[in-house]
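For reference, the structure discussed in these notes is given below.
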Number of protein chains: 2
Amino acid sequence: MTPKNLKAKAVSKVCCGTARDIPLSERDADELASVFTALSDPVRLRLLSIISSAPEGEVCACDLVAPIGKSQPTVSHHLKILFEAGLVDREKRGVWVWYWALPERMSAVASRLR
Amino acid sequence: MTPKNLKAKAVSKVCCGTARDIPLSERDADELASVFTALSDPVRLRLLSIISSAPEGEVCACDLVAPIGKSQPTVSHHLKILFEAGLVDREKRGVWVWYWALPERMSAVASRLR
DNA sequence: AGATTGTATCGACAGCCATCGATACGTTGA
DNA sequence: TCAACGTATCGATGGCTGTCGATACAATCT
């Protein structure tokens, strides 16, 4: 059992109760953590902000390299991670690849934070 | 300027417009990314789920080691990261340290995902 | 076909991070 | 004062990750 609430002053002799089961399963924790990992890089967050706020709803990858200020392989790497996390989708049109955000995915993750 | 929407079929000759400014500043991106980094580990997410769902609103650190299944130093390390990210607060009472969640912080982060 | 251009992949390297044993610190109780 | 206990810190280690140059791939244009 978890010890009583002793916030004020007293200190119980009894502590460290028996283990309860964890609300978040190991599998769910792994999945959630993988999404947060995709969001844990400032370059990816800025890419996401550009893509999400695009007036046309989508952005050509060629328009993402210059403002980010990183090399083209690096930007491509980050876009791949965002894509695999389900945060953006993409489509190849001719030589170019267009990216757009998946807001329902982001709000789904957000709701998991209560 | 960003090229026209050519989703259907045609492919424009013109692409790769001039750089717009990024909605998310570099400073804000760093700050946000640091919080997501704190959330990017399954052990920390499970710790947070235990702490957040505690009936008394708080949990003794001594009750966190066993269910997580990691060593005491490892759990202490993760709790420190959650604390420094502003996701939990803590108070020492006697020998024990009690942790509780800061839901307003989590919802603040969640709202940043739209 | 060959040249050009946008994108993704590869290989390498440096820095960060999760993990644990050992240990130090602080508090309690005898 | 000393022993016991909960927690935090330290040091080491293995694995992961962001970065870039070089290169491969695919589509377009001449």
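Each chain gets a letter, A, B and so on, in the order the sequences are listed, and its residues count up from 1.
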Can you give me every donor-acceptor pair (side chain of residues 72-79 of chain A, partner residue at least two apart or in another chain, under 3.5 Å) with its distance?
from    : atom 1 : to      : atom 2 : distance (Å)
A:Thr74 : OG1    : A:Ser71 : OG     : 2.9
A:His78 : ND1    : A:Arg44 : NH1    : 3.0

Which residue pairs pass the ring-ring contact (aromatic ring centres under 6.0 Å, His included) test with at least one member in residues 31-69 of chain B, sequence neighbours excluded?
A:Phe36-B:Phe36
For B:Ser53, what residues pass the side chain to side chain contact (heavy atoms under 4.5 Å, CB included) criterion, not counting sequence neighbours?
A:Pro23
Pairwise side-chain contact, A:Thr37 with B:Asp41, heavy-atom cut-off 4.5 Å (strictly under)
no
Evaluate A:Met106 against A:Leu87 for side-chain contact (heavy atoms from CB on, under 4.5 Å), listing each step before the verdict.
CA-CA 7 Å; A:Met106 303 197 236; A:Leu87 294 166; 3.9 Å; yes
Could you check which of D:dT7, C:dA8, D:dA8 has an atom nearest any side-chain atom of A:Val97?
C:dA8
Provide, to the nearest angstrom, the distance between the CD atom belonging to B:Glu91 and the C1' atom belonging to D:dT7.
15 Å
Distance, rounded to the nearest Å, where A:Phe36 contributes CZ and D:dT17 contributes C1':
19 Å
Calculate the interatomic distance between B:Glu84 atom CD and C:dC17 atom P; express it in whole Å.
12 Å
For A:Leu47 and C:dT7, what is the distance between atoms CG and P respectively, to the nearest whole Å?
13 Å
Rounded distance in Å - CH2 (B:Trp98) to P (D:dG6):
13 Å
Name the nucleic acid region contacted by B:Phe83, choosing base, sugar-phosphate or nothing; use a 4.0 angstrom heavy-atom cut-off, strictly under.
nothing
For A:Leu39 and D:dT17, what is the distance between atoms CG and C1' respectively, to the nearest whole Å?
16 Å
Rounded interatomic separation in angstrom, taking CH2 from B:Trp96 and C1' from D:dA8
17 Å
Would you mind listing every side-chain hydrogen bond (donor to acceptor under 3.5 Å, both in side chains) that reaches into residues 105-114 of chain A, with sequence neighbours excluded?
none
Using atom types as modelled and distance alone, determine if a side-chain donor or acceptor of A:Ser52 lies under 3.5 Å from a backbone N or O of A:Ser49.
no
To the nearest angstrom, how far is B:Lys80 atom NZ from C:dC17 atom P?
13 Å
B/S/- contact track for nucleotides 18-27 of chain C, protein heavy atom under 4.0 Å:
SBBBB---BS
Could you check whether A:Arg90 makes a cation-pi contact with A:Tyr99, meaning its NZ or CZ is under 6.0 Å from the centre of the six-membered ring and within 45° of the ring axis?
no
Note the angle between the end axes of the helix from C:dA1-D:dT30 to C:dA30-D:dT1, five pairs defining each, rounded to 10 degrees.
20°
I'd like to know whether B:Trp98 forms a side-chain contact (heavy atoms from CB on, under 4.5 Å) with B:Val59, so could you lay out the CA-CA distance, the side-chain angles of the two residues, the decisive distance to 0.1 Å, and finally the verdict.
CA-CA 5 Å; B:Trp98 297 79; B:Val59 182; 5.6 Å; no
